[in-house]
There are 2 protein chains.
Amino acid sequence: MSAPRPGPRRPDGYDPRAFEPFAVTVDLAVFTVREERLQVLLVQRGQEPYRGAWALPGGFVLPRESAGLAARRELAEETGLSDATVAHLHLEQLRTYSDPDRDPRMRVVSVAYTALVPDLPEPRGGGDAAHAQWLPYGSYGPLAFDHDTILADAHERVGAKLEYTCLATAFCPPEFTLGELRQVYETVWGVELDRPNFRRKVLATPGFVQAVEGPPRLTGGRGKPAALYRAGQATALHPPLLRPEGRQK
Amino acid sequence: MSAPRPGPRRPDGYDPRAFEPFAVTVDLAVFTVREERLQVLLVQRGQEPYRGAWALPGGFVLPRESAGLAARRELAEETGLSDATVAHLHLEQLRTYSDPDRDPRMRVVSVAYTALVPDLPEPRGGGDAAHAQWLPYGSYGPLAFDHDTILADAHERVGAKLEYTCLATAFCPPEFTLGELRQVYETVWGVELDRPNFRRKVLATPGFVQAVEGPPRLTGGRGKPAALYRAGQATALHPPLLRPEGRQK
DNA sequence: CCTTTAAGAGTCACCCTGACTATAAAGCTG
DNA sequence: CAGCTTTATAGTCAGGGTGACTCTTAAAGG
């Protein structure tokens, strides 16, 4: 609990001689729902350590950047999407990982971010991370560094936030059906939800979704065509939509 | 969204020449409930910038420390409590603040932590922060740096976590009455709760509190003596104890 | 001794929810 | 084309949790 101190201590805690330089990076846990599965954006490492292993996309925070800006910049680079598109994606700070040994080469403190994106076209790898790609959550070996921990934390956070926020719409395209929205919950939580009850709950929450005018067409698949909705302006979900515990999907 | 890059970019994002050194600190938002008010532990700055202003306690992360360890060490130093006592306090990472201009002297990235402590004896200021003291939340001028933002974020987080976790017991001494526990909710949320309903809810949640054997004595004040309880082993609160919106306290 | 204060027991109605049934409208299959 | 499957949507019903409220008990204070 008491470590050696490199310099004289000042009451305000900012002795310029006391600080040790750290590298600061961002790591991205980018989720989407594709083909009825929760998928994660990963890059394959080209060099040691962890050569060949999958890792979260990320990179250094630049001198005049906040971590949030760095995260959005990296997201644009790794997905190959335009800055304008990326600007509208949901990006949220997860937490910071600072174990002294988390990177064997040097002292790196990493601020992790979680991004939720709709089913986008295949990532293009904008020049720099040509091998970034979607993998189903959990369908890979151990990730590099502490990225398994980060990804598990991110998954838990996303699952929890679905309960008490309207975040699920961030996984959906601009216009979506209630079936697609329900699919998000079922995929992230790994459970099956009762269709009528889910519908009743979502429509009873003011501002969660808003109906789109026009014919209730669409749905490439079979079944009765569903009405289209847009995301509402609400962010919180009162009362929450609690995750059922029992039945696995 | 695209900033100049200091060196050649490598696919794995770890070009050793690319990183810029940052100072990494921790800031502590330490809350307690004293005298029916929510109070925060603050230190008065002794030098520029923000000389004389109140600031959150904190300090540098040392070379072989994680941010969490640094936070707990600083908490022990600022409160003057023993390491053993501090080891049991609730300490939780809030988020990281990394605006390039948040400290006018140098590039400092700060990992903020929230601590919840029971009504402890007056902080002693263990040598180093002799002027750390409790102030009622909001009863001070603008804090130094971005600490107003950090503190507001921390307050919001604590209020939200009371809803769906058993965290309120962290504000209480080892043995407490349901009235004291209710006081925590009322103080943090700034609302008044119905006594019987609160009692029913808490006792109906398995593992939230556990009754202490013995006579139902105690309570220095007037009124019928209350039974004592200890914190249970549960951490989550299902279903949540939702914060009422209407009536102010 | 009466008032005040707070703990604790209990009631009641409403709302949300889970479970379930039924109908409509599409695609698929033979 | 007929029937089956699939999905959307409407509706019912019972149980649990909660808000609002009343009442009793047990202390302290004037």
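Here the structure is a predicted model, which means the values were calculated and not measured. The sequence lines fix the lettering, A, B, ..., with proteins before strands; numbering per chain opens at 1.
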Review point. Roughly how many Å is it from CG in Asp194(B) to C1' in dA7(C), rounded to a whole number?
Key: 13 Å
Check your understanding: Has the side chain of Glu156(B) got a donor or acceptor atom that lies under 3.5 Å from a matching backbone atom of Asp153(B)?
Key -> no
Check your understanding: Arg199(B) side chain N/O closer than 4.0 Å to the phosphate oxygens (OP1, OP2) of dG8(C)?
Key -> yes
Check your understanding: Is the Phe176(B) to Tyr229(B) ring centre distance short of 6.0 Å?
Key -> no
Practice item. Determine the interplanar angle of the Phe145(B) and His147(B) rings, folded into 0 to 90°, and report it as parallel if under 30°, tilted if 30 to 60°, perpendicular if over 60°. Key: tilted
Review point. Please give, in whole Å, the distance from dA27(D) P to Lys224(B) NZ?
Key: 9 Å
Review point. Does a side-chain N or O from Lys201(A) land closer than 4.0 Å to OP1 or OP2 of dT17(C), or not?
Key: yes
Review point. Please give, in whole Å, the distance from dT9(D) C1' to Asn197(A) CG?
Key: 12 Å
Check your understanding: Do Arg200(B) and dG19(D) have a side chain to base donor-acceptor pair shorter than 3.5 Å?
Key -> yes
Point to revise | Axial bend angle, the helix from dC1(C)-dG30(D) to dG30(C)-dC1(D): five-pair end segments, nearest 10° | key: 10°
Exercise for review: Give a yes/no on whether any side-chain N or O of Arg222(B) is located under 4.0 angstrom from OP1 or OP2 of dT3(C).
Suggested key: no
**Study point:** Among dA8(D), dG8(C), dA26(C), the one nearest Pro225(A) by side-chain distance
**Key:** dA26(C)
Review point. Could you go step by step and tell me if Gln39(B) and Leu135(B) meet the side chain to side chain contact (heavy atoms under 4.5 Å, CB included) rule?
Key: CA-CA 5 Å; Gln39(B) 311 222 10; Leu135(B) 291 180; 5.6 Å; no
Check your understanding: After noting the C-alpha distance and the side-chain angles of Glu180(B) and Val184(B), does the key distance pass the side chain to side chain contact (heavy atoms under 4.5 Å, CB included) rule?
Key -> CA-CA 7 Å; Glu180(B) 291 169 342; Val184(B) 169; over 6 Å; no
Exercise for review: Answer yes or no: are there more than 12 heavy-atom neighbours, outside Gln210(A) itself, under 6.0 Å from its atom CD?
Suggested key: yes
Point to revise | Aromatic plane relationship, Tyr185(B) with Phe198(B) - under 30° parallel, 30 to 60° tilted, over 60° perpendicular | key: perpendicular
Practice item. Could you check how far CZ of Phe198(B) sits from C1' of dG17(D), rounded to whole Å? Key: 16 Å
Review point. In whole Å, what is the span from the CG atom of Leu241(B) to the C1' atom of dG19(D)?
Key: 12 Å
Review point. How do Pro196(B) and Leu203(A) order along DNA chain D: which one's closest nucleotide is nearer the 5' end?
Key: Leu203(A)
Exercise for review: Starting from P on dC21(D), measure out to CD on Glu192(B) and report it in whole angstrom.
Suggested key: 13 Å
Check your understanding: Rounded to the Å, how far apart are Glu186(B) CD and dA6(C) P?
Key -> 10 Å
Revision key, fill the gap. Rounded to whole Å, CZ of Arg195(B) lies from P of dA7(C) at a distance of 5 Å
